[in-house]
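Heavy atoms only: backbone and side chains are in, while hydrogens, waters and symmetry mates are out. Everything quoted here is computed from the prediction, not taken from an experiment.
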Amino acid sequence: MKPSTARLLAAAALTAVLALASGVADATVVTTCKAAAGSDGRVDYDFCVSELGKHHDSPSADTWGLAKVAALTGVVDADNAVSDIKDLLAKHGTDARAQGALAQCQELYDSMGFAFAEAQDDINNRDYAAGKEKAGEATSLAHQCEDAFAQAGVPSPVAQHSSYAVQIAVVCTAITNLIQ
């Protein structure tokens with residue numbers, strides 16, 4: 001082997017090692033979700049891959065970027081929940097108990113959107129403890145919404161949003177825990 005070829009191969013090997021050591025090369029959605037699920041049994045691997053894989057920033061994101069994507073995904077779903085709740089409140093024939101719970105949940109989901117946005121900001125600023133705290137706050141708000149429907153004695157029409165919020169908050173927290 002010529003000396004120049006050997007140097008090129010050595011440089012390529014060194015680049016690969018440095019990329020792996022920095023976490024960039026292996027921080028794909030699949031590997032990050034696998035690591036998150038391995039470190040936190042609450043993480044649904046298939047949900048993680050499916051939801052993070054949909055975001056346009058995910059293919060080029062490292063672990064730090066995927067934690068932010070998870071938080072942003074929570075913002076989007078919280079906004080969708082508020083929109084769905086507004087539609088339900090405008091619908092004729094919704095009984096008073098359901099309307100009360102819906103109005104309460106509208107405020108809770110509005111706050112949840114801000115909690116996820118603050119989580120994204122905190123993670124972006126590398127204040128991981130604060131970001132995880134905000135993700136936890138979003139989980140609490142989802143539970144409060146479901147409790148409002150239980151107390152009203154009516155089935156929750158936003159249970160899917162609540163489940164999603166809890167799952168994406170868990171994913172966000174687990175991925176944030178992976179950041180070195």
Trace of the side-chain hydrogen bond (donor to acceptor under 3.5 Å, both in side chains) decision for Ser111 with Glu107:
CA-CA 6 Å; Ser111 295; Glu107 290 178 23; over 6 Å; no
Chi angles and distances behind the side-chain contact (heavy atoms from CB on, under 4.5 Å) call for Leu89, Gln106
CA-CA 10 Å; Leu89 284 169; Gln106 183 177 349; 3.2 Å; yes
Does Val154 share a hydrophobic cluster with Val158, counting links as ILVMFWY side-chain heavy atoms below 4.5 Å and allowing steps through other members?
yes
Specify the closest pair of heavy atoms between Cys48 and Val29, including all atoms of both residues, with the distance to one decimal.
O-CG1, 4.4 Å
To the nearest 0.5 angstrom, please state how far the CG atom of Asp122 sits from the NZ atom of Lys68.
12.5 Å
Calculate, to the nearest 0.5 Å, the distance between atoms OG1 and CD belonging to Thr139 and Gln144 respectively.
11.0 Å
For Ser39, side-chain hydrogen bond (donor to acceptor under 3.5 Å, both in side chains) partners two or more places apart:
none
Which pairs of donor and acceptor atoms, one on a side chain in residues 129-136, lie under 3.5 Å apart (sequence neighbours left out)?
{"unit_1": "Lys132", "atom_1": "NZ", "unit_2": "Asn177", "atom_2": "OD1", "d": "2.6"}
{"unit_1": "Lys134", "atom_1": "NZ", "unit_2": "Glu118", "atom_2": "OE1", "d": "2.8"}
{"unit_1": "Lys134", "atom_1": "NZ", "unit_2": "Glu137", "atom_2": "OE1", "d": "3.3"}

Could you go through the side-chain contact (heavy atoms from CB on, under 4.5 Å) check for Asp77 and Ile168 one step at a time?
CA-CA 10 Å; Asp77 191 67; Ile168 203 67; over 6 Å; no
In this structure, would Val30 and Trp64 fall into the same cluster of hydrophobic residues linked by side-chain contacts under 4.5 Å?
no
Evaluate the side-chain proximity of Gln99 to Leu88: yes if any heavy-atom separation is below 4.5 Å, no if none is.
no
Between Ile175 and Leu52, is any pair of side-chain heavy atoms under 4.5 Å apart?
yes
Of all the heavy-atom pairs spanning Val75 and Gly113, show the shortest one and how long it is.
CG2-O, 3.6 Å
Of the non-hydrogen atoms in Tyr109 and His161, which two are nearest, and what is the gap between them?
OH-C, 3.2 Å
Stepwise side-chain hydrogen bond (donor to acceptor under 3.5 Å, both in side chains) test for Glu146 and Ser162:
CA-CA 7 Å; Glu146 292 307 303; Ser162 297; 2.6 Å; yes
Counting only N and O atoms by type, is there a donor-acceptor contact under 3.5 Å from the side chain of Asp95 to the main-chain atoms of Arg97?
yes
Return the minimal non-hydrogen interatomic distance between Ala98 and Phe149, and the atom names on each side.
O-CE2, 4.2 Å
Enter the distance from Leu66:CG to Ser60:OG here, rounded to the nearest 0.5 Å.
9.0 Å
Should Val43 and Tyr128 be regarded as members of a common hydrophobic cluster, given that ILVMFWY residues are connected when their side-chain heavy atoms come within less than 4.5 Å of each other, either directly or indirectly?
no
Taking every non-hydrogen atom, the tightest pair across Leu178 and Thr32
CD1-O, 3.7 Å
Any donor and acceptor pair, going by atom type alone, linking the side chain of Thr176 with main-chain N or O of Cys172 inside 3.5 Å?
yes
Co-membership, hydrophobic cluster, residues Ile123 and Leu72, 4.5 Å side-chain:
no
Within the structure provided, determine whether Val166 and His143 are in side-chain contact (heavy-atom separation under 4.5 Å).
yes
Check whether Phe116 and Leu108 end up in the same hydrophobic cluster, where Ile, Leu, Val, Met, Phe, Trp and Tyr are linked by side-chain heavy atoms less than 4.5 Å apart.
yes
Cys33 side chain reached by Phe47 side chain, heavy atoms, under 4.5 Å:
no
